[in-house]
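See structure below.
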Amino acid sequence: MENGQLLPETVLESATGSSSKLLSLLIDIKYLLKGKVLVANVLPVFTAYWLALYFNGEPFIDHWGLFLLTMAGSTLVISGALILNNWYEVDLDKKMVRTQKRPTVTGNFNLKTVLWSGIITSIMGLVMMLFTTLEAAVYSFLGWFVYVVLYTFWTKRRYTLNTIVGSVSGALTPLIGWAAIAPAYHIVPIIMFCILFIWQVPHTLAIAINRLEDYTRAGVPMLPVVSGVEVAIRQNLIYIIALLPFPFFLISSFGWFFFLFATSLTIGWVFLAMKGSQAKDVKKWAQTNLRYSLIYLILILIVMVILTSS
């Protein structure tokens, strides 16, 4: 300090330290919210909202305020559910390599603070969704309830069916986006629900196979832990095959290009899944399967938006 002022070096160090703390905080928040999981759940909300506008002949400019409210509200509801999941599963996360960086494990975030953050975020999101439509708010609550209560609190530690229960929660996201504009009994949101429900099973099985040691050590009854990897690989293939019929039901909505595109993607996934039983490195195969599942979902949703943007 010189003449009561910080020296330039000290100012620089202070600014660097502040930036480092901010970056660390943002990284902790990303892990708390399971960044990729959050995006994977919000994207179908956006897609279905966009599609609802198109199929109901509504211009986006007339509903941009509702769009912001829907996206913010649904994001908060999903975030609240993920925060509560992290709070409740801290004992499991401490035993798993893949979750060691979560702030609930590192101690960067106080557990009581995390609990209240999850509760407040959930309530804020649900209240915001009530200002969209009642149907969208109901789907939001159902998604939250299934994920937090039925999946996190009840089935995950007890039954291999936890994967199926969790899939219901994620599959409700397109219904939220669509219902903000119109009732979700249209063929498009219904088929999107079915695709997302089935898609999540092989997606989750790929994670469970790839992280088998983690789930075994934590005592989580995932299918490959309880029944073995071979059974999980067969189930993975069955669920992917089950995706094949659904693009057919969307021909009248999106045309033949979407049908051929989505079917080709699914067939490619089927061939990849068939290699699982013969794979020399099952973990590497599972990781490839996981990446394909993410690419599959993103491309399906993006093409839906593109085909309705003209």
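Throughout, residue positions are numbered sequentially from 1 according to the sequence presented.
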* **F254-F259 aromatic ring centre distance below 6.0 Å** => no
* Could you tell me whether a side-chain N or O of T173 sits under 3.5 Å from a main-chain N or O of G170, the two making a donor and an acceptor? => yes
* Is it true that the side chains of T104 and N86 contain a donor and an acceptor less than 3.5 Å apart? -> no
* Asked: Are K284 and N210 linked by a side-chain donor-acceptor pair shorter than 3.5 Å?
  -> no
* Should the pair R157-D91 be classified as a salt bridge under the 4.0 Å nitrogen-to-oxygen rule? -> yes
* To do: Keeping the roles fixed (side chain from Q200, backbone from S167), state whether a donor-acceptor pair exists under 3.5 Å.
  => yes
* **Pair Y239-Q235, side-chain donor/acceptor within less than 3.5 Å** => no
* D214 and R98 ion-paired at < 4.0 Å -> no
* Polar side chain donor-acceptor pair, S293 to W269, under 3.5 angstrom -> no
* Asked: Between E89 and K95, is there a salt bridge with N-O shorter than 4.0 Å?
  -> no
* Asked: Going by atom types only, do Y296 and T266 share a side-chain donor-acceptor pair under 3.5 Å?
  -> yes
* So, does T99 use its side chain to make a donor-acceptor pair with the main chain of M96 at under 3.5 Å? -> yes
* Polar side-chain atom of Q287 near backbone of I207 as donor-acceptor pair, under 3.5 Å -> no
* To do: Decide whether V97 and I27 are clustered together by the hydrophobic rule: side chain heavy atoms of Ile, Leu, Val, Met, Phe, Trp, Tyr closer than 4.5 Å, transitively.
  => no
* Can a donor-acceptor pair be found between the side chains of T308 and W50 at a distance below 3.5 Å? -> yes
